[in-house]
Amino acid sequence: MCFAMFQRGVCHTFNSGQQGHPKVYATTAGKIQALSLYLDAQPEEYYGPYSYDATGFKILVHDQSELYPNIEDLALDVTPGFTTNIRVRRNKVSTA
């Protein structure tokens with residue numbers, strides 16, 4: 001479920017782990033094991049109150065258990081027409 005859909009438009013989730021969608025795992029780090037997305041911005045198909053804002057995408061990597069990720073405040077803006085690399089490092093935080 002993507003709550004931002006109601007604010008900004010169409011939302012897609014990759015690797016949700018929900019029923020019927022098996023989880024995908026990376027066993028090593030590096031460009032060869034990376035997820036590659038090729039996104040096609042088509043501004044003539046934008047709709048909604050924020051469609052005049054800008055052309056592009058919002059990308060957010062979040063935990064699978066997070067039902068309503070805060071895309072509006074935490075997502076990265078990706079401009080079309082450029083190659084963008086996003087490196088992700090997982091940290092475990094424990095509160096003692």
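This one's a predicted model, so the numbers in the text were calculated from it and none came from an experiment. Values below: every heavy atom of this structure, side chains too, minus hydrogens, waters and symmetry copies.
In this view, N15 satisfies the side-chain hydrogen bond (donor to acceptor under 3.5 Å, both in side chains) rule with no residue, not counting sequence neighbours. With sequence neighbours excluded, the residues forming a side-chain contact (heavy atoms from CB on, under 4.5 Å) with L76 are I86, listed by chain and number. Legend: residues meeting side-chain contact (heavy atoms from CB on, under 4.5 Å) with T79, ordered by chain and number and at least two apart, are F82. With sequence neighbours excluded, no residue forms a side-chain hydrogen bond (donor to acceptor under 3.5 Å, both in side chains) with S36. Applying the side-chain hydrogen bond (donor to acceptor under 3.5 Å, both in side chains) test to N85 and every residue at least two apart in sequence or in another chain returns nothing.
What you find for G17 and K23 is that their closest heavy atoms are CA-CG, 3.6 Å. Smallest separation of non-hydrogen atoms from L74 and L60: O-CD1, 3.7 Å. Minimum interatomic distance between P80 and G56 (heavy atoms only, all atoms of both residues): CD-CA, 3.6 Å.
Taking 4.5 Å as the limit, every side-chain heavy atom of Q18 sits out of range of all side-chain heavy atoms of Q64.
Defined by atom type and a distance below 3.5 Å, a donor-acceptor pair is present between the side-chain atoms of Q42 and D40.
In this structure, F14 is a member of the same hydrophobic cluster as L39, with clusters built from ILVMFWY side-chain heavy atoms closer than 4.5 Å.
Residue pairs meeting the salt bridge (charged side-chain N to carboxylate O under 4.0 Å, His left out) criterion with at least one partner in residues 75-85, sequence neighbours excluded, are K58-D77.
Interatomic distance, L37 CG to I59 CD1, rounded to the nearest 0.5 Å: 6.0 Å.
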